[in-house]
Amino acid sequence: MGAMLAAGIALVVSGGAALLARTLPGWRTRVAGGGPVWLGLAVGLLVLWLTSSATNLTVILLGAALVAGLVETVLQLVGAPWVFRLIGQLAVIGATMALEYQRGDMFAVTAAVGAVVGVAAFSVIVFATRGAALSGASRTPPLLALVGAVYLGVVAWGLPNPGVGALVLVVAAAVVPLAILPGRGGPDEVALGPVLAAAAFASGMYAWLANASPAMVLAPVAVLEVDVAWTLVRRLVAVDGRARLAAAGGWWRGLDAWSEPATDLVAQRAAAATSPRAASAWLVGATVAVLALSVVQWWLGVHWLLAAAMILLLALGWLLLQLAAIDLPRSDLIAWLAGLSVLAGVLAIGGHLTDGRRLVTALPLLVALVVWAAALPRLRGTADRASAVST
């Protein structure tokens with residue numbers, strides 16, 4: 001009952017603040033997207049605590065995550081370099097993991113890994129959300145957050161763990177208004193990414209402590225992680241990326257420029273090459289497919305390392321399809337798909353050796369088959385364009 005009340009109040013607070021966001025003057029428009037969600041989560045946490053529906057982990061994790069989101073937002077507002085923002089995230093999340101270790105909730109190594117993975121996931125979500133704001137797709141990140149909350153709700157129901165369930169219910173209620181209403185923040189909005197990262201960290205870490213596997217916890221952000229990782233590597237190796245870093249002037253400014261969101265994420269470039277709606281549909285669809293795969297592997301009891309590899313396989317399939325929509329030649333697409341198939345074969349062998357069940361062995365091959373099937377229209381389209389040019 002307390003969880004339902006907290007979710008309802010979080011929904012009202014977040015929705016009301018989102019409706020009023022356009023009337024905010026001056027610099028306050030820079031927090032018009034994430035501010036309502038932050039308020040909704042904070043009020044929801046307060047109601048959970050007042051109704052004795054909040055566990056100690058809920059208070060610690062969500063409270064610390066909201067502090068981390070606030071620190072990141074303030075540092076962005078004052079124009080702090082990325083390194084200082086990273087230190088701020090690590091200070092809050094590291095202190096939280098140290099507290100969890102002192103409480104006996106985690107071993108020292110697990111706490112250290114949790115801090116590193118938490119900061120990495122936090123940074124990825126902030127980077128991707130800021131990029132979406134620059135592209136005018138401010139509703140896509142809350143929609144992905146809502147999909148992730150629903151997935152973690154299923155995980156909480158299956159564990160079962162009422163604490164995780166109450167937390168993700170409040171998170172879902174707080175982000176629903178931003179997923180439905182037109183985007184309230186413009187390209188300069190900086191608060192939405194940190195607050196979504198805070199919600200993801202709190203709910204994901206709680207699910208992990210409740211015996212969800214690392215692969216299950218990271219599944220909601222797997223596609224975003226692949227996109228951000230590809231983009232950051234491309235900035236280092238591509239000609240235009242190196243030129244951009246060189247133009248920043250000096251290694252310190254180059255480092256800041258390398259880590260600064262822009263309009264070169266794969267999803268953003270695919271939106272420019274096709275349409276924003278199509279690119280968002282592919283992004284959300286791939287995330288839903290990854291989450292469905294994660295649930296299937298959970299039901300089958302697949303070891304988390306093999307499960308994580310298959311999730312990565314599907315996320316890489318999305319990446320190839322989006323690159324094909326941008327400018328990847330047909331021959332290169334076939335070569336990359338062949339490499340993906342080889343990787344699927346290796347995973348199938350690994351599944352056979354470590355598990356032995358036929359369905360587990362066949363699962364990576366089925367994933368590769370799905371990617372090939374989704375790539376067929378791309379292959380036909382590039383072939384048709386090539387024949388048209390030759391005639």
Side-chain angles (χ1 to χ4, degrees), residues 124 213-216 218-234 237-238 265-267 269-270 273-274 278-279 281-387:
V124 165
S213 73
M216 293 166 60
L218 293 175
V221 293
V223 177
L224 291 182
E225 290 170 341
V226 168
D227 193 352
V228 173
W230 179 274
T231 300
L232 292 178
V233 171
R234 183 177 178 274
V237 300
L265 283 166
V266 174
R269 293 162 57 210
T274 56
W282 274 99
L283 180 60
V284 175
T287 300
V288 171
V290 164
L291 298 182
L293 176 63
S294 177
V295 171
V296 169
Q297 294 182 116
W298 180 29
W299 175 65
L300 291 173
V302 179
H303 188 272
W304 76 266
L305 281 173
L306 182 61
M310 283 192 267
I311 287 173
L312 178 62
L313 183 73
L314 185 54
L316 289 174
W318 168 85
L319 180 70
L320 289 180
L321 295 175
Q322 295 308 287
L323 291 175
I326 300 170
D327 56 5
L328 190 65
R330 183 171 183 267
S331 58
D332 291 348
L333 176 59
I334 293 175
W336 281 107
L337 287 172
L340 190 77
S341 302
V342 172
L343 177 59
V346 172
L347 293 179
I349 295 173
H352 175 72
L353 294 176
T354 60
D355 190 290
R357 287 175 291 175
R358 292 181 179 178
L359 184 54
V360 175
T361 301
L363 199 55
L365 301 178
L366 292 175
V367 171
L369 183 61
V370 168
V371 174
W372 271 97
L376 285 178
R378 307 286 192 200
L379 294 171
R380 291 172 180 171
T382 52
D384 292 341
R385 287 195 299 269
S387 61

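The structure places CG of Leu347 at 9.0 Å from CG of Leu365, a figure rounded to the nearest 0.5 Å. Summarising the geometry, atom CG belonging to Leu313 is positioned 8.5 Å from atom CG belonging to Leu293; distances are rounded to the nearest 0.5 Å. Atom CG of Leu300 sits about 7.0 Å away from atom CG of Leu363, to the nearest 0.5 Å. Residue Leu337 holds its CG atom at 9.0 Å from CG of Leu376, rounded to the nearest 0.5 Å. Note that the CZ atom of Arg234 and the CG atom of Leu232 stand 11.5 Å from one another [nearest 0.5 Å]. Atom CH2 in Trp230 sits 5.5 Å away from atom CG in Leu319 (nearest 0.5 Å).
Using a 4.5 Å cut-off on side-chain heavy atoms (C-beta onward), Leu323 and Asp332 make no contact. Put simply, the side chain of Trp318 reaches to within 4.5 Å of the side chain of Asp227, judged on heavy atoms. Annotation: side chain of Thr354 is not in contact with side chain of His303 (no heavy-atom distance under 4.5 Å). Looking only at side-chain heavy atoms (C-beta outward), Met310 and Val302 come within less than 4.5 Å of each other. Side-chain contact between Trp336 and Leu328 is present, with at least one heavy-atom pair separated by less than 4.5 Å.
Atom CH2 of Trp372 has more than 12 neighbouring heavy atoms from other residues, nucleotides or ligands inside a 6.0 Å radius.
For the pair Ala215 and Ala308, the tightest heavy-atom approach, listed with the atom from each and the gap, is CB-N, 3.7 Å. Taking all atoms of both residues into account, the shortest heavy-atom contact from Val223 to Leu283 is CG1-CD1, 3.6 Å. Closest approach of Ala373 and Pro377 over heavy atoms only: O-CD, 3.6 Å. A pairwise comparison of heavy atoms in Ala344 and Ala368 identifies CB-CB, 3.7 Å as the closest pair. Pairing each heavy atom of Leu340 with each of Gly317, the nearest pair is CD2-CA, 4.2 Å. Taking each heavy atom of Pro220 and Thr287 in turn, the nearest pair found is O-CG2, 3.8 Å.
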Step by step, would you call Gln297 with Ile311 a side chain to side chain contact (heavy atoms under 4.5 Å, CB included)?
CA-CA 10 Å; Gln297 294 182 116; Ile311 287 173; 3.8 Å; yes
- [ ] Apply the test side chain to side chain contact (heavy atoms under 4.5 Å, CB included) to residues Leu353 and Ile349: give CA-CA distance (whole Å), side-chain angles for both, the deciding distance (0.1 Å), then the verdict.
- [x] CA-CA 6 Å; Leu353 294 176; Ile349 295 173; 4.0 Å; yes
Given the rule in the side chain to side chain contact (heavy atoms under 4.5 Å, CB included) test, do Thr361 and Arg357 qualify, once you have shown the distances and angles that lead to the verdict? CA-CA 6 Å; Thr361 301; Arg357 287 175 291 175; 6.0 Å; no
*Go through the steps to decide whether Val124 and Val221 satisfy the test side chain to side chain contact (heavy atoms under 4.5 Å, CB included), and finish with yes or no.*
CA-CA 8 Å; Val124 165; Val221 293; 5.5 Å; no
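None of Thr231, Thr274, Ile326 except one satisfies the side chain to side chain contact (heavy atoms under 4.5 Å, CB included) rule with Arg269; the exception is Ile326.
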